[in-house]
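Notes follow the structure.
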Amino acid sequence: MHTRRRGSSGSDRPTADEPPEWSDVDEDAIEERVVELAEQGHDPSQIGLKLRDEGVQGTPIPDVKLATGKKVTEILEEHDAEPELPEDFRNLLEKAVRLHQHVEENGQDHQNKRALQNTQSKIRRLADYYRGDELDEDFAYSHETAKELLEE
């Protein structure tokens, strides 16, 4: 939305209805590993990558949803291990805090001032989406509230 690009193209994951035959790990073992990785401080996307690369019991898990029937975030919600903030929202807040600090140190960097404005706009739109469910009803974005949320 805020870039000159027209979108991203690339390969899509092949459609599959069942996990591959070579990946025969128990669903409970996968769920235990997901919760264990979440307790170590990994985000849901990082958990998926770790399961793909490292696997469970030496067997890689190409797709958690195919193997268990649930998404990583659903597994975390069931075991009360979900992060306080949604991952996409947290990443935008971290980016905004970094950009704000950079713009304070480099006042003439107009390109990053614009990048900060665009990031703040994305945060406000995403906050509207999450308000009431993941965020408080009276949440309003500011640099101070972003820093406070990230320190928790």
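What you see is a predicted model; the values in this text were computed from it and never measured. For reference, positions follow the sequence shown, starting with 1.
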Exercise for review: Can you measure from CD (E84) to CG (L150) and round to the nearest 0.5 angstrom?
Suggested key: 11.0 Å
Practice item. Indicate yes or no: at least one non-hydrogen side-chain atom of E87 is less than 4.5 angstrom from one of S45. Key: yes
Practice item. Count the heavy atoms belonging to other residues, nucleotides or ligands that lie under 6.0 Å from NZ of K113, then report whether that count exceeds 12. Key: yes
**Study point:** Distance, nearest 0.5 Å, that separates CG of L93 from CG of D88
**Key:** 10.0 Å
Check your understanding: Going by heavy atoms in the side chains, are V97 and Q101 under 4.5 Å from each other?
Key -> no
Practice item. Taking the side chain as every heavy atom from C-beta outward, state whether Y141 and L126 have any atom pair closer than 4.5 Å. Key: no
Exercise for review: Can you see which heavy atom on A38 is nearest to which on A81, and at what distance?
Suggested key: CB-O, 4.1 Å
Check your understanding: Linking I/L/V/M/F/W/Y whenever their side-chain heavy atoms sit closer than 4.5 Å, directly or via other members, would L66 and L51 fall into one cluster?
Key -> no
**Study point:** Within-4.5 Å side-chain heavy-atom neighbours: L149 and F139
**Key:** yes
**Study point:** Salt-bridge contact R33-E36 (side-chain N to carboxylate O under 4.0 Å)
**Key:** yes
Review point. Do Q120 and R124 pass the side chain to side chain contact (heavy atoms under 4.5 Å, CB included) test, and can you show the C-alpha distance, the side-chain angles, and the key distance before you say yes or no?
Key: CA-CA 6 Å; Q120 290 172 339; R124 288 187 181 102; 3.6 Å; yes
Review point. Between H100 and H143, what is the ring plane arrangement, given parallel below 30°, perpendicular above 60°, and tilted in between?
Key: parallel
Review point. Would you find more than 12 non-hydrogen atoms of other residues, nucleotides or ligands less than 6.0 Å from Q40 atom CD?
Key: yes
Practice item. Using a cut-off of 6.0 Å, state whether more than 12 heavy atoms not belonging to E18 lie near its atom CD. Key: no
Check your understanding: How about E134 and L85: do any of their side-chain heavy atoms sit closer than 4.5 Å?
Key -> no
Review point. Just how far is it from atom CG of D43 to atom NZ of K50, taken to the nearest 0.5 Å?
Key: 12.0 Å
Practice item. Check A67 against I61 and note the closest heavy-atom contact, atom names and distance. Key: CB-CG2, 4.2 Å
Review point. When you measure from the side chain of T119 to the backbone N and O of A115, does any donor-acceptor pair fall under 3.5 Å?
Key: yes
Exercise for review: Can you measure from CG (N112) to CD (E105) and round to the nearest 0.5 angstrom?
Suggested key: 11.5 Å
Revision key, fill the gap. dist L76:CG -> I47:CD1 (nearest 0.5 Å) comes out at 5.0 Å
Exercise for review: Taking all non-hydrogen atoms of both residues into account, name the closest pair between I123 and A96 and its distance.
Suggested key: CD1-CB, 3.7 Å
Point to revise | Value rounded to 0.5 Å, distance of NZ in K95 from CG in L116 | key: 10.0 Å
Point to revise | Minimum heavy-atom distance between K70 and E74, given as atom pair plus value | key: CA-OE1, 3.3 Å
Review point. Less than 4.0 Å between a side-chain N and a carboxylate O, is that true for D128 and R131?
Key: yes
**Study point:** Exam field: side chain K147 to backbone S142, donor-acceptor pair closer than 3.5 Å
**Key:** no
Check your understanding: Linking I/L/V/M/F/W/Y whenever their side-chain heavy atoms sit closer than 4.5 Å, directly or via other members, would I30 and L49 fall into one cluster?
Key -> no
Review point. Is there a path of hydrophobic side-chain contacts, each under 4.5 Å between heavy atoms of I, L, V, M, F, W or Y residues, that connects L92 with L99?
Key: no
Review point. Are E82 and T73 close enough that some pair of their side-chain heavy atoms sits under 4.5 Å apart?
Key: no
Review point. Between V35 and E32, does a side chain to side chain contact (heavy atoms under 4.5 Å, CB included) hold up when you go through it step by step?
Key: CA-CA 5 Å; V35 173; E32 288 175 16; 6.0 Å; no
